[in-house]
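Scroll down for the structure; my scribbles are underneath it.
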Amino acid sequence: MGAVLPPAFYARPTLQVARELVGKVLVHAAPAGTAAGMIVEVEAYSGESDPACHAATGFTRRNAPLYGPPGLAYVYVNYGLHHLVNAVTEPEGAPAAVLIRALEPLAGLPLMRNRRAAAGRALPAAALCRGPGNLTSALGITLEQNRVDLSGERLFIEDRGLPPPRLAWSPRIGVSVGADRPWRCCAAGNPHLSKPVWGCAPSPRRPLAGTP
DNA sequence: CGTTCGATGCACT
DNA sequence: GTGCATCGAACGT
């Protein structure tokens, strides 16, 4: 359908890649079916000097993909239960990546619901891919997808020519260090964000509430 | 409305 | 043995 982003797209400064990934479409064509969503929230992690980047303590077995060629997926498990997916950026040797934090579901909604059903009741569309752990669950992304080529056939990001969203930047979420860097980039006001951006809240939860 | 807290596995020291 | 780039249920106000 769209144009799959080539490795050269990722071989650039991480903040620029992060900005341009918002509005692109992440697709997982799995044996169980295809699921896809527009990227609405990302975070940049760049270099050993970034204290929140997994490369902050130098090269290890886990963070090895960060040092590898751009355009591969870096998937890891955190808190024992959640898979988080990144796109590796910058030229090979420079450890950096963009974390995908939220999607607006576009295709494969029933499949997403099935995959997320294990963790709860029937979810509204807005909750399916809200948060980095939730979206990997909905798309069926696990450690099996670590190091896969994001320009490949099964897991890829494509440009469908969707209108570029208005962007809003804020500090990264959940990090204990490096919170001063405003490296979280969101589609402003999008209802699928993991958390609203400061000063840019989504529509009110009770639009026309009559106060009891 | 807000905050706390338990689940759970992998890689690291 | 420790520490997470989280999630959501269970509380308290």
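Heavy atoms only: backbone and side chains are in, while hydrogens, waters and symmetry mates are out. Letters A, B, ... mirror the listed sequences (proteins, then strands); counts begin at 1.
- The separation between Leu84(A) atom CG and dG9(B) atom C1' is 14 Å, rounded to whole Å.
- Remark: Glu43(A) engages Arg101(A) in a salt bridge (charged side-chain N to carboxylate O under 4.0 Å, His left out) (not counting sequence neighbours).
- Rounded to whole angstrom, the span from the CZ atom of Arg184(A) across to the C1' atom of dT6(C) amounts to 14 Å.
- With sequence neighbours left out, Glu20(A) forms a side-chain hydrogen bond (donor to acceptor under 3.5 Å, both in side chains) with Arg12(A), Gln16(A).
- A heavy-atom distance below 4.0 Å to DNA chain B is reached by these residues of residues 53-72 of chain A, ordered by number: Thr60(A), Arg61(A), Arg62(A).
- For Asp50(A) and dA5(C), the CG to C1' distance is 10 Å, given to the nearest whole Å.
- Closest of all the heavy-atom pairs between Pro132(A) and Leu84(A) is CB-CG, 3.8 Å.
- In this structure a side-chain-to-backbone donor-acceptor pair under 3.5 Å is present from Arg115(A) to Leu139(A).
- The salt bridge (charged side-chain N to carboxylate O under 4.0 Å, His left out) search around Arg160(A) returns Glu158(A), not counting sequence neighbours.
- With rounding to whole Å, Leu193(A) atom CG is found 13 Å from dC7(C) atom P.
- With no hydrogens or angles considered, a side-chain donor-acceptor pair links Ser170(A) and Arg184(A) at under 3.5 Å.
- Remark: P of dG3(C) and OH of Tyr76(A) are 17 Å apart, rounded to the nearest angstrom.
- The heavy-atom pair separating Ile100(A) from Leu135(A) by the smallest distance is O-CD2, 3.5 Å.
- Under the rule for a side-chain hydrogen bond (donor to acceptor under 3.5 Å, both in side chains), Glu92(A) has no partner lying at least two apart in sequence or in another chain.
- Residues in residues 72-85 of chain A take part in these side chain to side chain donor-acceptor pair (under 3.5 Å) pairs, two or more places apart or across chains: His54(A)-Tyr74(A).
- Screening residues 130-155 of chain A for salt bridge (charged side-chain N to carboxylate O under 4.0 Å, His left out) gives no qualifying pairs among residues at least two apart or on separate chains.
- Atom CG in Leu111(A) sits 10.5 Å away from atom CG in Leu128(A) (nearest 0.5 Å).
- Minimum interatomic distance between Pro95(A) and Cys53(A) (heavy atoms only, all atoms of both residues): O-SG, 4.2 Å.
- Note that the CD1 atom of Ile157(A) and the CE atom of Met38(A) stand 13.5 Å from one another [nearest 0.5 Å].
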*Nucleotide pairing, DNA chain C (Watson-Crick or G-U, distances under 3.5 Å), in dot-bracket with [ ] and |*: ||||.|||||||.
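- Between the side chain of Asn63(A) and the backbone N or O of Gly58(A), at least one donor-acceptor pair lies under 3.5 Å.
- Taking Arg172(A) as the reference, Asp50(A) meet the salt bridge (charged side-chain N to carboxylate O under 4.0 Å, His left out) condition, with sequence neighbours excluded.
- Shown for residues 125-138 of chain A: no residue has heavy atoms falling under 4.0 angstrom of DNA chain B.
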_Reading 5' to 3' through nucleotides 3-8 of chain B, protein heavy-atom contacts under 4.0 Å coded B for base, S for sugar-phosphate only, - for none_ = ----BB
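- For DNA chain C, the residues of residues 91-101 of chain A within the heavy-atom distance limit of 4.0 Å (strictly under) are Leu99(A), Arg101(A), sorted by number.
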